[in-house]
Amino acid sequence: MSHRGVGLLVREVIEAAAAEDPTQVVDVAIAEATVAAVEEAAVVHEAVHPLVQSSSRSQPQPASQTDSPTPISPASFPPSVLFASPVTRLPLLVQSVLFVRVMVPSGRRSRSEPIFFAVRISKNVQHYYDYVVSISGPKSDKEGIKIRIFELLEEHPSFRGYVAHTASDRSQRIVSSRPLPQPLTLSIKYYDEHLSGPGANADEYVVEIRLDKTLSTADLNAYMNGSPDARTYDMQPLLSALNLITQKSATKFGKRVGRTFPKYFYDNPTKPAFLSPNLEAWQGFAMSIRPAFGQLMVNVNVCMSAFVTPGNLADILFEFNSRSRGAMPTLPDKMVKSIKVRTLHLGYKKKLYQIMPTSARNTFFEKDGKKISVENYFKTAYNKSLKYPAELPVVNLGTRQKPNYVPAELCEVEPGNAFRGRLSDFETSAMIRVACRRPRENADSIVDIGFPSLRLSPMPNQQPSQWNSPLAPFGIEIDKEMTAIPARELPPPSLNYRGGNTPRVFNGSWNILEVKFHRPAQISSWCVLVVRDGRNSLEGPNDPRLGALVEGFGRKLVNCGMRIPQGLPPVEAVALVPPAQDDASRSESVRRLREKFKGAGKPSFILVLLENRDNFIYPAIKKICDAELGLPTLCMQLGKALGDPKKQDQYFSNVALKLNTKLGGVNHQLEDRAVQWLKKKSTMMVGIDVTHAGPTSRPGTPSIAAVVANTDDSFAQFPASMRIQKVDDSKLSKEMVTDLDEMMVERLLLYEKKNRKLPERIFLFRDGVSEGQFDVTLREELPLILNAFKKMSTASRPKYRPALSIVICGKRHHARFFATDSQFADKNGNTRPGTVVDKGVTAVFDFDFYLQAHAGLQGTVKATHYTVIYDENVFSADEIQKGTHDFSYLYARATKAVSLIPPAYYADLACERGRCYLNDLLVWEGSVSARAGSGGRRRTKEEEREAVFQEAREAWGDGLHSNVKDTMFYI
């Protein structure tokens with residue numbers, strides 16, 4: 001067929017499709033552009049039809065991605081399809097338009113509204129100008145100083161005229177919609193915000209603004225329109241510039257939290273919610289610019305965060321001290337580092353550096369060669385008579401070298417101090433209650449509160465005619481209505497239990513009261529250990545409630561098909577030392593537990609009954625039994641197990657699911673059709689995740705990486721390989737798995753041991769990687785995976801090279817989807833399980849989709865964003881979407897579909913179990929000051945981090961015990 005003939009054929013299909021569905025106007029426009037490209041192409045691929053499925057792998061795709069009506073073997077695809085260049089992809093784009101527009105995808109059609117809003121850039125704006133800002137002066141390297149200098153820059157007479165059409169990151173970058181004069185160098189005299197102007201001896205800073213690059217909007221348009229030449233275009237400089245522009249007013253008027261994904265919080269018009277006497281929850285909004293096919297979008301979402309309750313610091317200290325022990329009132333280290341105060345005697349604002357252990361009456365410093373107490377100094381210098389000179393500590397608003405002592409009662413904690421620490425269990429529960437809101441409530445908050453707060457629309461008290469959009473000088477306009485996009489709803493797969501029983505799946509879940517496990521585990525012996533930790537939930541080993549609990553759980557195991565020995569198991573108890581009588585890590589209590597477990601013998605498993613939730617006891621049990629003794633353990637909370645009798649059976653069922661999986665059993669299977677895509681060839685499903693130290697961890701605490709993989713074609717057992725890895729200073733390499741080749745070899749060897757062969761295909765699901773790290777994953781982790789394959793190629797084996805596909809699973813996003821019609825929504829207003837979105841808000845060239853496999857039980861449901869970044873198995877869109885959805889019903893420890901495909905979910909669980917082995921380093925509230933090294937000198941930060949890492953290596957030891965390393969011990 002001639003080039004012109006192909007174009008005419010496409011045009012006919014477009015016209016027929018448009019007549020059938022007039023709403024697809026954007027699709028028609030995209031297809032028209034493709035027609036023009038085809039008609040001007042120098043060469044059109046002769047064998048177009050066999051490449052249809054491949055075309056769905058790479059957008060642009062204006063409609064839902066689907067299989068060809070005529071099944072085609074992936075083996076028939078030419079190798080060039082796997083990594084096609086922009087030129088060879090041109091005929092594939094034609095097929096994408098041809099077939100996507102006329103074929104009906106599998107699943108039920110629906111429509112949804114994502115919290116995305118269309119962004120339009122005026123045609124008059126052809127460029128944005130990107131400037132680098134360098135600041136020189138006495139303290140120019142300090143972040144707080146830089147922010148203030150940028151504020152003063154905007155007030156400078158020589159820059160004031162540029163403010164409306166410039167936006168900055170308040171650090172080193174300015175973006176402008178008009179060219180600024182060059183060179184542009186300004187001198188700024190520094191003064192704090194509470195002052196009216198600079199003093200006679202004010203520090204002076206020189207600000208140099210230099211053009212770095214010119215950003216063309218035409219390049220962005222070409223990218224969004226799917227131009228083949230634009231495939232390699234780097235969008236990040238222009239997208240980050242547009243984010244600076246659209247977030248300009250939010251940065252000025254809101255409280256910004258976070259750097260990579262900033263969120264902006266406001267204490268009005270929504271009032272803060274109570275979390276605890278010292279913390280409150282603020283509502284905020286996250287926003288980011290995202291390019292979609294043919295349209296620029298801004299994603300706006302509601303979020304909540306904890307802030308320190310404002311008030312006088314004296315009141316806060318008294319309130320906290322009433323709930324804690326100690327002679328002199330104080331606050332936790334993480335709260336101290338979260339607080340910025342305004343002093344009542346001079347009015348300046350400073351970060352709280354330290355709460356001293358002494359009062360104003362007992363804290364002295366040198367003044368004019370004489371010692372003077374803080375109490376007397378404030379009396380003589382400021383005529384301030386303190387109300388609590390001996391009852392409250394002074395605080396240091398300076399540094400260790402240059403302290404600035406101020407009485408606590410003269411410090412006011414202002415609104416807007418984001419809390420940097422970990423919430424308590426009580427505070428977390430309160431936050432969940434506040435944050436879980438129905439979709440329509442969030443949608444209304446975004447439009448009615450978020451848009452005015454972010455200055456994307458007029459404030460409530462403003463008339464539209466009186467409002468001047470801060471985006472107008474940049475030629476940007478944002479729609480106020482959410483974008484409606486098509487979606488589809490996949491049906492649930494059928495499930496199989498033992499004896500062919502098939503439970504009814506409703507809203508992504510099912511009941512197992514009347515079914516038996518598909519492959520029950522065998523239990524030769526078991527025992528019970530009651531951990532007594534102060535609550536006295538049981539009267540003793542002879543408490544009839546204990547006997548009834550153990551007997552009832554044993555009966556549940558039998559009902560699920562598991563075989564257990566006759567009679568009740570042995571029951572032991574261990575009394576722990578009360579926390580007040582033990583050290584911070586509860587070392588004596590851990591020692592008692594270790595002795596008990598050592599005397600337990602080698603049962604199939606130990607049922608551990610816990611009276612309390614404790615930050616040290618549960619991790620210690622898992623470390624002792626997983627790593628030291630190789631004992632499978634199953635923990636129950638006595639509060640739940642002895643709670644509401646009506647809920648006890650369900651609780652036992654959930655625990656039985658975990659036990660059967662730990663001991664090598666298979667809870668349930670999918671119907672044959674649902675796993676057909678996996679059984680075409682022998683397949684290994686791999687999950688990878690990395691967990692990092694948190695804000696309460698000791699600096700230098702390593703990250704923990706986990707790799708899980710199935711051992712056979714039941715796809716039920718996923719043992720794990722785990723490693724600790726040193727944290728690099730580079731943020732990009734911090735997430736990457738450094739020992740991935742060794743861990744993959746371990747998984748392949750176990751698969752070979754179980755099946756007497758190696759898998760022909762590997763589907764790898766990588767969790768925890770952001771969109772900006774896709775290339776880093778391919779650059780750093782892919783070579784390690786390929787190296788693992790090389791290591792498996794030995795003299796006794798032929799050359800081993802399975803077909804590999806890598807899929808990134810993203811949960812850290814702000815995309816939410818609201819059903820436009822009640823027929824596509826559940827009772828809470830959420831989209832229903834099985835909802836797939838693969839157009840409208842997905843990437844232009846990436847093979848990606850959003851899948852919500854699970855039901856939203858509370859709040860607004862979040863889909864998982866899956867992106868295929870490497871694909872030698874040539875997935876069709878239906879195959880990977882439906883396959884991922886169906887596999888989400890195979891999660892072992894629940895009778896419901898889960899939000900994340902199980903291999904990635906299991907990798908996350910394995911990482912969490914690894915945290916138990918480094919618990920003393922991860923859960924740490926000590927001082928961040930460096931400890932003494934050799935010779936009594938203080939260690940440097942680098943030496944301290946290295947010492948902590950060595951301590952972690954010693955705590956980790958050899959990793960898992962051989963008895964449990966080939967099991968799902970972590971479930």
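Hydrogens, waters and symmetry mates are skipped; everything else that's a heavy atom, side chains included, is used. None of these values were measured; they are calculated from a predicted model.
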I'd like to know if [X] pairs up with [Y] as an ion pair, taking the criterion as any Lys NZ or Arg NE/NH1/NH2 lying under 4.0 Å from an Asp or Glu carboxylate oxygen.
X	Y	answer
Glu628	Lys623	no
Arg545	Asp543	yes
Arg613	Asp533	no
Arg592	Glu595	no

Check whether the side chains of [X] and [Y] place a donor and an acceptor atom closer than 3.5 Å, and report yes or no.
X	Y	answer
Thr835	Glu489	no
Lys263	Ser305	no
Thr967	Lys662	no
Asn511	Thr895	no
Glu427	Ser276	yes
Ser604	Ser525	no
Ser445	Arg437	yes

query = Where do Asp626 and Tyr917 land on the side chain to side chain donor-acceptor pair (under 3.5 Å) test, with the steps shown first?
reply = CA-CA 9 Å; Asp626 292 350; Tyr917 312 152; 2.7 Å; yes
Would you call the rings of [X] and [Y] parallel, tilted or perpendicular if under 30° counts as parallel and over 60° as perpendicular?
X	Y	value
Tyr889	Trp510	parallel
Phe553	Phe605	perpendicular
Phe718	Tyr906	tilted

message = I need the single residue from Phe274, Phe307, Phe265, Phe419 that forms a ring pair (Phe, Tyr, Trp, His ring centres under 6.0 Å) with Trp282. Which is it?
response =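 It is Phe307, the one option of Phe274, Phe307, Phe265, Phe419 that forms the ring pair (Phe, Tyr, Trp, His ring centres under 6.0 Å) with Trp282.
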request  = State which residue, out of Phe765, Phe887, Tyr970, Tyr891, fulfils the ring pair (Phe, Tyr, Trp, His ring centres under 6.0 Å) condition with Tyr905.
outcome  =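 Exactly one pass, corresponding to Tyr891.
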request  = Mark yes or no for whether Asp689, through its side chain, and Ala907, through its backbone, hold a donor-acceptor pair below 3.5 Å.
outcome  =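 A pair under 3.5 Å: no.
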task = Take atom NZ of Lys896 as the centre, draw a 6.0 Å sphere, and report whether it contains more than 12 heavy atoms from other residues, nucleotides or ligands.
result =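 No, not enclosed.
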message = For a side chain to side chain donor-acceptor pair (under 3.5 Å) check, start with the C-alpha distance between Gln852 and Thr831, then their side-chain angles and the critical distance, and finish with the verdict.
response = CA-CA 8 Å; Gln852 178 212 324; Thr831 48; 2.4 Å; yes
task = Test Asn278 against Thr309 for side chain to side chain donor-acceptor pair (under 3.5 Å), laying out the working first.
result = CA-CA 5 Å; Asn278 296 125; Thr309 303; over 6 Å; no
His813/Tyr850 aromatic ring centres below 6.0 Å =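 Yes, the ring centres sit under 6.0 Å apart.
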inquiry  = Within the 4.5 Å heavy-atom criterion, are Glu588 and Asp583 side-chain neighbours or not?
reply    =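 Counting from C-beta outward, Glu588 and Asp583 never come under 4.5 Å.
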